[in-house]
Amino acid sequence: MEISAMALAHSTRIPVEHRFPLHLRRSITSIRDLYEAGKQQRWNPDTDIAWSRFDPAAYDAAALQAARLTWSRRAWVEYAGLAETPAILIRFCLEAGRESDPKYFLTVRNTEEAWQIESCHRYAGVLGGYVDQPSSVREKTLFNQYRHRHALDAEESADAFFVVHSAVEDSLELELCRAYLDDARDPVARQILEKSTQAKERHAAFGWLYATERAARWSAPERAQVSAQVLAYLRDIELAGYHCAWLGDPASAEARAAQATSEAGLGAASQERERDLLCDYVAAVRARLGELGVDLPELSHPALGRL
């Protein structure tokens, strides 16, 4: 049952801060190394992307129109991180005993998310103009997930939320970004996707590293909660077309635009490529969760079959 924004706002209970003893020592070296790498590999969308290399005359009007919608939609997806990452960072800071390394990494992740949004927005602009909202109510509902409230809700598991969005979702974003890059021929699209892929490799690695660190202390009910939330996310969000619009409605403008963008080499993947990728991805996630003692039940989708 869908919960209204107003009802969710009134029902969210923020944890009470327990700051002391405040541990700031390096405790998870692998995550601290990702944090240092993120600082060293920082980039500037304004100066590190060769925007002048884009030649609109090389594409017909239909391809440009499709690509501007595809990259606008990508900005809508990336925008989730601007609220989600600070929210889970605040939750970690409020809880006693949370290590410093993931908190530091999240600050870098949020900056990288902003750079990716900026790049998607600007590229949509040079393609013909940024589109600022979905065309359907169904799409708008799919994007409005109130993630910041779920992350901050004291009655919800911070670890389960983290596994869903920082391990499972970020792994999918990495695989999709790699596929977009493989199909991209435009030099500007390729530069954006190269920078984004580097960042998403760190984000996905961070998600699984910290999930593994936390899994050692999960109880059986906590593992069941992680399983339930991952299942719900994949079933109700991903397989409804959040990242791959054609999963929700193959005839939608966004789905058709993504296919045309792929064919034009402007930075998207074909439905066929995404179909194979998604099947492999779910199998990989199930295996990774299994290593953490978490069972992922079977999923199904009309276009993908049983997963």
Side-chain angles (χ1 to χ4, degrees), residues 12-15 17-18 23 27-35 38 77-78 80-113 145-175 199-238 242-243 281 284-296:
T12 303
R13 299 181 60 189
I14 308 300
E17 182 178 14
H18 296 284
H23 301 295
S27 56
I28 310 176
T29 301
S30 56
I31 292 177
R32 185 63 68 98
D33 289 345
L34 290 175
Y35 168 65
V77 171
E78 295 289 350
L82 280 189
E84 172 198 326
T85 296
I88 195 64
L89 172 58
I90 291 171
R91 178 71 180 271
F92 284 177
C93 288
L94 294 177
E95 293 186 352
R98 287 281 179 178
E99 306 87 346
S100 65
D101 310 285
K103 299 171 191 174
Y104 288 159
F105 181 82
L106 287 168
T107 65
V108 173
R109 188 179 84 175
N110 209 205
T111 303
E112 292 178 327
E113 289 163 341
Q145 300 169 29
Y146 314 116
R147 292 189 184 190
H148 61 293
R149 294 196 174 278
H150 291 296
L152 290 169
D153 194 334
E155 296 181 351
E156 295 194 29
S157 166
D159 280 356
F161 181 92
F162 180 87
V163 171
V164 168
H165 297 292
S166 296
V168 174
E169 181 180 16
D170 281 359
S171 294
L172 176 58
E173 290 196 347
L174 171 60
E175 295 308 319
K200 290 181 186 298
E201 286 172 347
R202 289 191 295 275
H203 299 178
F206 163 64
W208 288 111
L209 283 169
Y210 194 46
T212 301
E213 181 75 19
R214 297 293 297 181
R217 66 194 78 178
W218 290 341
S219 65
E222 287 171 329
R223 294 177 197 280
Q225 191 171 17
V226 171
S227 174
Q229 291 200 25
V230 171
L231 177 65
Y233 175 77
L234 292 174
R235 180 191 62 221
D236 301 336
I237 303 298
E238 286 305 338
Y242 183 57
H243 280 89
Y281 156 78
V285 165
R286 181 173 284 112
R288 292 294 295 269
L289 290 173
E291 294 171 2
L292 305 183
V294 176
D295 294 325
L296 178 63

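Everything numeric in this text was worked out from a predicted model, so none of it was measured.
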Exercise. By side-chain contact (heavy atoms from CB on, under 4.5 Å), which residues pair with Asp33, not counting sequence neighbours?
Worked result: Arg26, Thr29

Exercise. What residues, two or more places apart in sequence or in another chain, satisfy side-chain hydrogen bond (donor to acceptor under 3.5 Å, both in side chains) together with Asn110?
Worked result: Glu113

Problem set entry | Partner residues of Glu112 under the side-chain contact (heavy atoms from CB on, under 4.5 Å) criterion, sequence neighbours left out | Val108, Trp115, Gln116, Ala199, Arg202, His203

Exercise. Can you name the residues that form a salt bridge (Lys or Arg N to Asp or Glu O under 4.0 Å) with Arg235, not counting sequence neighbours?
Worked result: none

Exercise. How would you list, by chain and number, every residue that makes a ring-ring contact (aromatic ring centres under 6.0 Å, His included) with Tyr210, sequence neighbours excluded?
Worked result: Phe92, Phe162

Problem set entry | Tyr281: ring-ring contact (aromatic ring centres under 6.0 Å, His included) partners, not counting sequence neighbours | none

Exercise. Between Trp208 and Ser171, which heavy-atom pair has the shortest distance, and what is it?
Worked result: NE1-OG, 2.6 Å

Problem set entry | side-chain contact (heavy atoms from CB on, under 4.5 Å) partners for His243, two or more places apart | Val77, Glu169, Leu172, Glu173, Leu176, Tyr233, Glu238

Exercise. At what distance, to the nearest 0.5 angstrom, does OG1 of Thr85 lie from CD1 of Ile90?
Worked result: 11.0 Å

Exercise. OH of Tyr104 to CG of Leu34: how many Å apart, nearest 0.5 Å?
Worked result: 16.0 Å

For this session: Please assess His165 against Phe161 for the test ring pair (Phe, Tyr, Trp, His ring centres under 6.0 Å), listing each intermediate value before the final yes or no.
Result: CA-CA 6 Å; His165 297 292; Phe161 181 92; 4.5 Å; yes

Problem set entry | Asp159 side, atom CG; Glu213 side, atom CD - distance, nearest 0.5 Å | 11.0 Å

Exercise. With a 4.5 Å heavy-atom cut-off, do Thr107 and Tyr35 have their side chains touching?
Worked result: yes

Exercise. Do Arg288 and Thr212 meet the criterion of a side-chain donor-acceptor pair at a distance under 3.5 Å?
Worked result: no

Seminar exercise, completed: salt bridge (Lys or Arg N to Asp or Glu O under 4.0 Å) filter on Asp170, not counting sequence neighbours, yields Arg109

Problem set entry | All side-chain contact (heavy atoms from CB on, under 4.5 Å) counterparts of Ser27, not counting sequence neighbours | Glu99, Asp101

Exercise. Are side-chain heavy atoms of Val163 and Leu292 found at a separation under 4.5 Å?
Worked result: no

Problem set entry | Over 12 foreign heavy atoms within 6.0 Å of CZ, Arg217 | yes

Exercise. Do any pairs count as a side-chain hydrogen bond (donor to acceptor under 3.5 Å, both in side chains) and have a residue in residues 220-231, sequence neighbours left out, and if so which ones?
Worked result: Ser219-Glu222

For this session: With sequence neighbours excluded, tell me which residues meet salt bridge (Lys or Arg N to Asp or Glu O under 4.0 Å) with Glu201.
Result: Arg178

Problem set entry | Crowding at CG, Asp295 (>12 non-hydrogen neighbours, <6.0 Å) | no

Seminar exercise, completed: The salt bridge (Lys or Arg N to Asp or Glu O under 4.0 Å) partners of Arg286 (sequence neighbours excluded) come to none

For this session: Of all the heavy-atom pairs spanning Ser100 and Arg32, show the shortest one and how long it is.
Result: OG-NH2, 3.1 Å

